[in-house]
Novice: 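Below is the structure I would like to discuss, written out as structure tokens.
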Amino acid sequence: MGTPMESVERYFVSEGWETSRVGGDSALRVGVSTKNARWQCVANVDEEDGVVFFHSICPLKAAPESRPRIAEFLMRLNRVLFLGHFVMDFGSGEIRFETYLITREGFVSGESMGACVDANVAAMDKHIGDIARAISTGIAPAEAVAQALTGAPVDGAYRYN
């Protein structure tokens, strides 16, 4: 069976993903390209606690002056997400989407890893345009989330709160 990291690496190899080790032996980096964007992902394995974290690193960063507004937008958006959540580093403005899974007896099944990766990539792909709009327009966080949920500008009758 091997270690959780070996299981994670086997998953990516079996799916034909190119990987590179980062951070010593505790993380793998992979690239993603979808119809909406290209970005990097990192799979971190905490062998001691038996947790695999998978992060999509958004190619956009929030500027220092917009970080409180973008953080509020992401927290509001997180309320409607079922698998995973957005996080932002206030120091750098880096935005990530994080999913994770618990390993059982030091093993990560390909099916579990696939579900974790698929949910993660789908969420970033779905919301990267919303993040771009929130960063570039200065839109209020509640309105940005309402637009993300409805796919249209808010007409004043509906507000997400």
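Quantities reported herein were computed from a predicted structural model and do not represent experimental measurements.
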Novice: For T34, which residues count as a side chain to side chain contact (heavy atoms under 4.5 Å, CB included) partner, sequence neighbours excluded?
Specialist: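 For T34, the residues satisfying side chain to side chain contact (heavy atoms under 4.5 Å, CB included) (neighbours in sequence not counted) are V32, N36, W39, V121, D125.
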
Novice: Are L77 and P141 close enough that some pair of their side-chain heavy atoms sits under 4.5 Å apart?
Specialist: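 Side-chain contact under 4.5 Å: no.
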
Novice: Could you please spell out the steps behind the side-chain contact (heavy atoms from CB on, under 4.5 Å) verdict for V8 and F54?
Specialist: CA-CA 10 Å; V8 169; F54 190 75; over 6 Å; no

Novice: For Q40, check side chain to side chain contact (heavy atoms under 4.5 Å, CB included) against everything at least two apart and list the hits.
Specialist: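 For Q40 the side chain to side chain contact (heavy atoms under 4.5 Å, CB included) partners, ignoring immediate neighbours, are R29.
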
Novice: Do the rings of F12 and W17 sit parallel, tilted or perpendicular, given the 30° and 60° boundaries?
Specialist: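 F12 and W17: tilted rings.
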
Novice: Hey, any chance I135 and L149 share a hydrophobic cluster, counting ILVMFWY side chains that come within less than 4.5 Å of each other, even indirectly?
Specialist: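 Same cluster.
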
Novice: R133: which residues meet the salt bridge (Lys or Arg N to Asp or Glu O under 4.0 Å) condition with it, sequence neighbours left out?
Specialist: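 Salt bridge (Lys or Arg N to Asp or Glu O under 4.0 Å) check on R133 returns D130.
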
Novice: Are M75 and V87 connected, step by step, through hydrophobic side chains (Ile, Leu, Val, Met, Phe, Trp, Tyr) whose heavy atoms are closer than 4.5 Å?
Specialist: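 Unlinked, M75 and V87 end up in two clusters.
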
Novice: Test of understanding: with side chain to side chain contact (heavy atoms under 4.5 Å, CB included), list the residues that count as partners of S66, not counting sequence neighbours.
Specialist: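 Residues passing side chain to side chain contact (heavy atoms under 4.5 Å, CB included) with S66: A62, A63, R69, I70.
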
Novice: Could you list the residues that satisfy side chain to side chain donor-acceptor pair (under 3.5 Å) with S14, not counting sequence neighbours?
Specialist: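 Scan of S14 (side chain to side chain donor-acceptor pair (under 3.5 Å), adjacent residues dropped) gives none.
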
Novice: Quick one: are H127 and L81 in side-chain contact, heavy atoms under 4.5 Å?
Specialist: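 Yes; the side chains approach each other to less than 4.5 Å.
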
Novice: How does the hydrophobic cluster around V13 look, that is, which other residues are in it when side-chain heavy atoms under 4.5 Å mark a link?
Specialist: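 For V13, no cluster forms, as it stays isolated from other hydrophobic side chains.
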
Novice: Mind checking side chain to side chain donor-acceptor pair (under 3.5 Å) for T103 and listing every partner two or more places apart, or none if nothing turns up?
Specialist: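 Testing T103 for side chain to side chain donor-acceptor pair (under 3.5 Å), a comparison that skips the adjacent residues, returns none.
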
Novice: Which pair of heavy atoms, one from S92 and one from R67, lies closest together, and at what distance?
Specialist: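 Heavy atoms of S92 and R67 come nearest at O-NH2, 3.1 Å.
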
Novice: Does any part of the side chain of I95, heavy atoms only, come nearer than 4.5 Å to the side chain of L60, both counted from C-beta?
Specialist: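 They are not in contact (no side-chain heavy atoms under 4.5 Å apart), so the answer is no.
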
Novice: Which heavy atom in T99 sits nearest to a heavy atom in G84, and how many Å separate them?
Specialist: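 Between these two residues, the closest heavy atoms are CG2-CA, 3.9 Å.
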
Novice: How long is the span from the CD atom in E98 to the CD1 atom in I57, to the nearest 0.5 Å?
Specialist: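 Going from the CD atom of E98 to the CD1 atom of I57 covers 11.5 Å.
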
Novice: Within the distance-only criterion (no hydrogens, no angle test), does the side chain of S136 pair as donor or acceptor with the backbone N or O of A132 below 3.5 angstrom?
Specialist: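 Yes; judged by distance alone, with no hydrogens or angles, the pair exists.
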
Novice: Please report the shortest heavy-atom distance between R38 and S33, naming the atom on each side.
Specialist: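 For R38 versus S33, the nearest heavy atoms are CG-OG, 3.5 Å.
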
Novice: Tell me whether I139 shares a hydrophobic cluster with F86, the cluster being built from Ile, Leu, Val, Met, Phe, Trp, Tyr side chains joined at under 4.5 Å.
Specialist: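 Different clusters: I139 never reaches F86 through Ile, Leu, Val, Met, Phe, Trp or Tyr contacts under 4.5 Å.
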
Novice: Please answer whether the main-chain N or O of T3 pairs with a side-chain N or O of E6 as donor and acceptor at a distance below 3.5 Å.
Specialist: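 Yes, the answer is positive, given that a donor and an acceptor are paired below the 3.5 Å cut-off.
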
Novice: Which donor-acceptor pairs under 3.5 Å do side chains of residues 41-49 form with protein atoms, sequence neighbours excluded?
Specialist:
residue	atom	partner	partner atom	Å
D46	OD1	E48	N	3.2
D46	OD1	D49	N	2.9
E47	OE2	M5	N	3.2

Novice: If I compare all heavy atoms of R76 with all of A142, which pair ends up nearest, and what's the gap?
Specialist: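 The pair with the smallest heavy-atom distance is NH1-CB, 3.7 Å.
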
Novice: With sequence neighbours left out, what residues match A71 under side chain to side chain contact (heavy atoms under 4.5 Å, CB included)?
Specialist: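 M88, F90.
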
Novice: Test: ring pair (Phe, Tyr, Trp, His ring centres under 6.0 Å). Region: residues 66-85. Which pairs qualify, not counting sequence neighbours?
Specialist: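 Qualifying pairs, neighbours excluded: none.
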
Novice: By the rule that ILVMFWY residues connect when side-chain heavy atoms come within less than 4.5 angstrom, directly or transitively, which residues belong alongside Y100?
Specialist: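 Cluster partners of Y100: V51, F53, I102.
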
Novice: Of all residues at least two apart in sequence or in a different chain, which pass the salt bridge (Lys or Arg N to Asp or Glu O under 4.0 Å) check with R96?
Specialist: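 Salt bridge (Lys or Arg N to Asp or Glu O under 4.0 Å) list for R96, sorted by chain: E94.
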
Novice: Looking only at heavy atoms, what is the nearest atom pair of C116 and L101, with distance?
Specialist: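 Residues C116 and L101, closest heavy atoms: CB-CD2, 3.5 Å.
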
Novice: Taking atom CD of E18 as the centre, does the number of heavy atoms from other residues, nucleotides or ligands within less than 6.0 Å exceed 12?
Specialist: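 Check fails, neighbour count at 12 or below.
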
Novice: Side-chain heavy atoms nearer than 4.5 Å, only ILVMFWY residues, links allowed to pass through others: does that put M113 and V30 together?
Specialist: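 Same cluster: M113 reaches V30 through Ile, Leu, Val, Met, Phe, Trp or Tyr contacts under 4.5 Å.
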
